[in-house]
Amino acid sequence: PPEPLQEHFDATIAHDRRIEPRDWMPDGYRKTLIRQIAQHAHSEIIGMQPEGEWITRAPSLRRKAILFAKVQDEAGHGLYLYSAAETLGADRADLTERLIEGRQKYSSIFNYPTLSFADVGVIGWFVDGAAICNQVPLCRSSYGPYARAMVRICKEESFHQRQGYELLMTMMRGTEAQRAMVQDAVDRWWWPSLMMFGPPDDASPNSARSMAWKIKRHSNDELRQRFVDMTVPQAEKLGVTLPDPELRRNEERGHHDFGTPDWEELTRVIKGDGPCNAQRIQRRRSAHEEGAWVREAATAHAAKQAARAAK
Ligand code: ACO
């Protein structure tokens with residue numbers, strides 16, 4: 001690249017200013033952002049499925065309305081993020097193709113089944129809690145459109161997390177059977193939630209580069225630790241046990257020590273071999289195919305409008 005452009009880019013990053021779509025940026029920076037933002041967008045859209053399955057089976061009108069709003073928010077998050085990817089020159093239709101052909105990733109967490117209504121609460125508490133830990137620092141990501149999308153997304157994620165925790169509090173005040181449902185959901189979602197933060201730092205090929213570019217602000221292990229420290233007191237208050245015999249407060253470190261997630265399981269799920277991968281992609285593919293007529297109609301309408309305006 002011409003030297004002044006590279007220098008301007010480096011200085012922008014060094015001074016914690018934002019890179020904007022019109023600015024020159026290195027190819028690697030652009031590619032890394034498209035990769036991360038697309039994966040993030042896909043996660044939001046695929047993430048509608050596990051909870052969406054409970055909308056028709058919610059136990060009350062109030063819970064149904066809340067869940068509806070939440071799942072709709074996830075669709076909105078996906079749309080902000082696809083728009084952020086478009087500012088980098090990515091094409092949204094192409095990103096969707098890549099997702100349904102299995103050429104682009106989405107978060108491992110959405111490949112686990114939701115077996116009871118307590119799972120809705122635990123997803124809010126753990127999965128949205130983990131998303132907040134991971135995404136609040138992304139509000140300071142060096143790429144402007146991504147950072148700004150994160151601000152709004154994080155506000156909505158906070159609401160999601162609170163609704164999950166409130167749902168669980170309600171169930172814990174209920175019957176013995178309801179408390180057992182909550183504990184069972186906690187047992188199933190704890191380890192996959194820790195895996196959301198990605199592989200350990202010494203096995204994370206992208207971290208060093210992304211942190212130097214200030215796309216990522218903290219390493220995978222730092223954020224995982226932050227999540228554990230945040231969640232332990234919440235579990236005590238709720239009255240559930242986190243399924244990790246090695247979990248204890250380490251006064252010296254000022255953090256909680258915890259056991260090692262099954263990294264082989266994470267690798268398997270990322271590669272497409274988790275409990276629900278095939279089902280999630282199949283559902284996304286059929287929704288896309290069934291929506292073809294809407295896209296055709298919208299395109300025809302836009303062409304007609306443009307022709308009219310040109311007259
Ligand atoms: N699920 C699926 N893939 C993952 C996961 C995961 N939990 N963790 C890591 N990976 C993938 C990475 O995308 C990367 O694959 P790629 O190089 O083919 O793109 C590979 O495993 C190696 O991991 P890292 O080098 O650690 O990758 P990276 O630096 O991108 O860090 C992380 C991964 C932490 C997920 C990062 O991309 C990120 O912060 N993304 C934004 C947040 C996000 O996408 N959240 C989605 C779930 S939250 C929600 O939607 C509610």
Side-chain angles (χ1 to χ4, degrees), residues 28-29 31-51 70-71 73-82 84-85 95 98-99 102-112 122-143 146-147 149-150 153-154 156-161 164 189 191-224 226-227 261-263 265-274 276-277 280-281:
Y29 179 82
K31 279 203 190 107
T32 294
L33 275 167
I34 294 179
R35 175 184 67 79
Q36 177 166 329
I37 297 174
Q39 286 177 7
H40 195 165
H42 296 331
S43 304
E44 300 284 356
I45 299 294
I46 296 282
M48 296 169 74
Q49 293 185 36
E51 288 180 281
K70 194 206 149 173
V71 171
D73 285 350
E74 308 294 356
H77 298 174
L79 299 185
Y80 311 153
L81 286 163
Y82 284 125
L95 297 180
R98 284 169 195 258
L99 169 67
R103 289 189 285 132
Q104 239 168 18
K105 299 186 171 81
Y106 60 91
S107 182
S108 52
I109 193 72
F110 301 118
N111 293 304
Y112 293 85
V122 171
I123 288 176
W125 177 30
F126 285 170
V127 176
D128 299 321
I132 292 167
C133 280
N134 169 272
Q135 292 171 28
V136 166
L138 292 174
C139 297
R140 294 186 297 115
S141 183
S142 59
Y143 186 58
Y146 189 35
M150 277 308 126
I153 291 179
C154 285
E156 294 179 352
E157 294 295 359
S158 303
F159 155 67
H160 297 170
Q161 202 240 4
W189 288 92
W191 291 106
S193 299
L194 294 189
M195 293 177 198
M196 280 176 72
F197 294 91
D201 291 351
D202 56 15
S204 163
N206 301 303
S207 278
R209 195 60 272 187
S210 288
M211 284 172 70
W213 274 326
K214 298 185 182 168
I215 294 173
K216 277 169 84 162
R217 291 288 184 157
H218 303 279
S219 77
N220 299 357
D221 286 330
E222 272 171 56
L223 294 171
R224 191 166 11 249
R226 206 178 270 193
F227 173 72
D262 180 349
W263 297 125
E265 176 179 325
L266 176 63
T267 307
R268 268 199 316 276
V269 176
I270 293 180
K271 282 197 178 135
D273 196 16
C276 302
N277 295 58
R280 300 291 184 239
I281 290 294

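Counting starts at 1 for both ligands and their atoms, in listed order. What you see below is based on every heavy atom in this structure, not just the backbone, and it leaves out hydrogens, waters and symmetry mates. On a predicted model such as this, the values are computed, not experimentally measured, just so you know.
- Screening Pro50, Pro192, Cys276 for a side-chain contact (heavy atoms from CB on, under 4.5 Å) with Phe110, the sole residue that qualifies is Pro50.
- By the side chain to side chain contact (heavy atoms under 4.5 Å, CB included) test, Val71 is found to be paired with Met48, Glu51, Ile55, Leu67, residues two or more places apart in sequence or in another chain being considered.
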Distance-only donor-acceptor pairs under 3.5 Å for side chains of residues 193-205, two or more places apart:
from: Ser193; atom 1: OG; to: Trp189; atom 2: O; distance (Å): 2.6
from: Asp201; atom 1: OD1; to: Ser219; atom 2: OG; distance (Å): 3.4
from: Asp201; atom 1: OD1; to: Asn220; atom 2: N; distance (Å): 3.2
from: Asp201; atom 1: OD1; to: Asp221; atom 2: N; distance (Å): 3.0
from: Asp201; atom 1: OD2; to: Ser219; atom 2: OG; distance (Å): 2.7
from: Ser204; atom 1: OG; to: Ser207; atom 2: OG; distance (Å): 2.6

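- Considering only residues two or more places apart in sequence or on other chains, Asp262 meets the side-chain hydrogen bond (donor to acceptor under 3.5 Å, both in side chains) condition with none of them.
- Looking only at side-chain heavy atoms (C-beta outward), Lys70 and Glu74 come within less than 4.5 Å of each other.
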N or O contacts of ligand 1 with protein under 3.5 Å, please list pair by pair.
from: ligand 1; atom 1: 1 (N); to: Ser108; atom 2: N; distance (Å): 2.8
from: ligand 1; atom 1: 1 (N); to: Ser108; atom 2: OG; distance (Å): 3.4
from: ligand 1; atom 1: 7 (N); to: Ser108; atom 2: OG; distance (Å): 3.0
from: ligand 1; atom 1: 7 (N); to: Met195; atom 2: O; distance (Å): 3.3
from: ligand 1; atom 1: 7 (N); to: Met196; atom 2: O; distance (Å): 3.3
from: ligand 1; atom 1: 13 (O); to: Gln39; atom 2: OE1; distance (Å): 2.7
from: ligand 1; atom 1: 13 (O); to: Gln39; atom 2: NE2; distance (Å): 3.3
from: ligand 1; atom 1: 15 (O); to: Lys105; atom 2: NZ; distance (Å): 3.2
from: ligand 1; atom 1: 17 (O); to: Asn206; atom 2: ND2; distance (Å): 3.0
from: ligand 1; atom 1: 18 (O); to: Lys105; atom 2: NZ; distance (Å): 2.3
from: ligand 1; atom 1: 19 (O); to: Arg35; atom 2: NH1; distance (Å): 2.9
from: ligand 1; atom 1: 19 (O); to: Gln39; atom 2: NE2; distance (Å): 2.7
from: ligand 1; atom 1: 25 (O); to: Ser204; atom 2: OG; distance (Å): 3.1
from: ligand 1; atom 1: 25 (O); to: Pro205; atom 2: N; distance (Å): 3.2
from: ligand 1; atom 1: 25 (O); to: Asn206; atom 2: N; distance (Å): 2.9
from: ligand 1; atom 1: 25 (O); to: Asn206; atom 2: ND2; distance (Å): 3.0
from: ligand 1; atom 1: 26 (O); to: Ser204; atom 2: OG; distance (Å): 2.7
from: ligand 1; atom 1: 26 (O); to: Asn220; atom 2: ND2; distance (Å): 2.9
from: ligand 1; atom 1: 27 (O); to: Asn206; atom 2: ND2; distance (Å): 3.2
from: ligand 1; atom 1: 29 (O); to: Lys216; atom 2: NZ; distance (Å): 2.7
from: ligand 1; atom 1: 30 (O); to: Arg35; atom 2: NH1; distance (Å): 3.0
from: ligand 1; atom 1: 30 (O); to: Arg35; atom 2: NH2; distance (Å): 3.3
from: ligand 1; atom 1: 31 (O); to: Lys216; atom 2: NZ; distance (Å): 3.0
from: ligand 1; atom 1: 39 (O); to: Asn134; atom 2: ND2; distance (Å): 3.0
from: ligand 1; atom 1: 40 (N); to: Gln36; atom 2: NE2; distance (Å): 3.4

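- Side-chain contact between Arg35 and Lys105 is absent, with no heavy atoms from C-beta onward closer than 4.5 Å.
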